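What follows is one structure encoded as structure tokens, with my remarks underneath.
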Amino acid sequence: MSLPCLYSFRRCPYAMRARLGILFAGLEVELREIALKNKPAQLLAVSPKATVPVLVLAETKTSQGSVIEESKEILEWALAQQDPQGLLTRHLTRAKALIDKNDNEFKPWLDRYKYADRYPELTQLDYRQKGEVFLQLLESLLAKHHYLLGDNPSLADLGIMPFVRQFAHVDREVFYSLPYPKLHKWLKDWLEHPLFQLTMVKFQPWQEGDAPLIFPRPLI
Ligand SMILES: N[C@@H](CCC(=O)N[C@@H](CS)C(=O)NCC(=O)O)C(=O)O
């Protein structure tokens with residue numbers, strides 16, 4: 001039987017979220033790495049909004065492969081198939097609310113902090129400080145337990161970690177000088193996590209006619 005097909009972009013935090021979901025579920029997909037500047041016609045045909053990640057579910061005899069176009073939904077779909085670590089059993093409502101806060105409140109400031117020259121209304125420092133409001137919330141949660149919502153990972157950790165990584169990578173020296181020691185440790189632990197490292201394996205952009213590339217692919 002054919003596998004679901006994930007259109008992905010290695011450095012996109014939304015796509016990292018989707019790949020983390022696939023890995024924590026223990027699933028396999030066919031991965032098609034894309035270049036944002038040169039999206040393949042096949043992606044545009046299945047998803048005209050043309051963002052990544054996009055998951056095309058395998059066709060069965062009775063149904064056409066449906067398409068999931070939002071990273072949150074791909075994360076939840078993957079864990080609904082298999083959830084060996086019980087991520088969906090922990091604090092689901094709070095986890096979803098925190099992911100929404102990440103996407104709707106933190107991410108816009110993160111983009112402005114990262115590309116401050118494109119948003120001259122405020123300074124990069126202003127944008128960083130606005131983004132830090134969310135980081136302070138995460139720090140206060142991590143003061144209570146090892147992961148964001150408890151002593152075990154939940155959907156929230158997987159859904160949010162790629163965005164904190166992106167914030168940190170704007171200027172690592174600055175990030176690790178900020179007064180968020182619990183968040184620093186949490187991020188470092190995630191960066192070293194074997195499943196996160198598997199999400200970051202590099203692939204060449206997909207081209208029509210390529211043999212299917214099965215994800216995950218073991219670290220070399
Ligand atoms: N709400 C979407 C957002 C996805 C998104 O914006 N992805 C970016 C890459 S990080 C993208 O594909 N942008 C389109 C482009 O740059 O052309 C999701 O959660 O999947």
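Note that the structure is a prediction, hence the values are computed from the model and not measured. Below, each value reflects all heavy atoms present in this structure, side chains not excepted, and no hydrogens, waters or symmetry copies. Indexing begins at 1, ligand by ligand and atom by atom, following the structure's order.
- Looking only at heavy atoms of the protein, atom 16 (O) of ligand 1 is closest to Leu36 CD1, 3.8 Å.
- Scanning all protein heavy atoms for the shortest distance to atom 13 (N) of ligand 1 gives Thr51 CG2, 4.1 Å.
- At a threshold of 4.0 Å, the pair Lys185-Asp189 counts as salt-bridged, since one of the basic side-chain nitrogens sits closer than that to a carboxylate oxygen.
- Residue-to-ligand polar distances keep Tyr14 apart from ligand 1: every N/O pair is separated by 3.5 Å or more.
- Counting heavy atoms from C-beta outward, Phe24 and Asp83 have side chains that stay 4.5 Å or more apart.
- The single protein non-hydrogen atom nearest to atom 20 (O) of ligand 1 is Ser71 N, 2.9 Å, given as residue, atom name and distance.
- Under 4.0 Å is where a charged nitrogen must lie from a carboxylate oxygen, and between Asp111 and Lys107 at least one such pair does.
- Between Glu132 and Lys130 there is no salt bridge, since no side-chain N of the basic residue sits under 4.0 Å from a carboxylate O of the acidic one.
- Ion pairing between Lys72 and Glu76 fails under the 4.0 Å rule for side-chain N and carboxylate O.
- Residue contact check: Cys12 has heavy atoms under 4.0 Å from atoms 7 (N), 9 (C), 10 (S) of ligand 1.
- Listed by number with element, the atoms of ligand 1 under 4.0 angstrom from any heavy atom of Pro53 are 20 (O).
- Leu125 and Phe175 fall into different hydrophobic clusters, where Ile, Leu, Val, Met, Phe, Trp and Tyr side chains are chained together by heavy-atom contacts under 4.5 Å.
- Ion pairing between a basic and an acidic side chain is recognised when a charged N comes within 4.0 Å of a carboxylate O; Arg90 and Asp151 show no such pairing.
- Here the protein heavy atom with the shortest distance to atom 4 (C) of ligand 1 is Val52 O, 3.3 Å.
- Those atoms of ligand 1 with a heavy atom of Lys39 less than 4.0 angstrom away are 14 (C), 15 (C), 17 (O).
- Ranking the protein heavy atoms by distance from atom 2 (C) of ligand 1 puts Glu70 OE1, 3.4 Å first.
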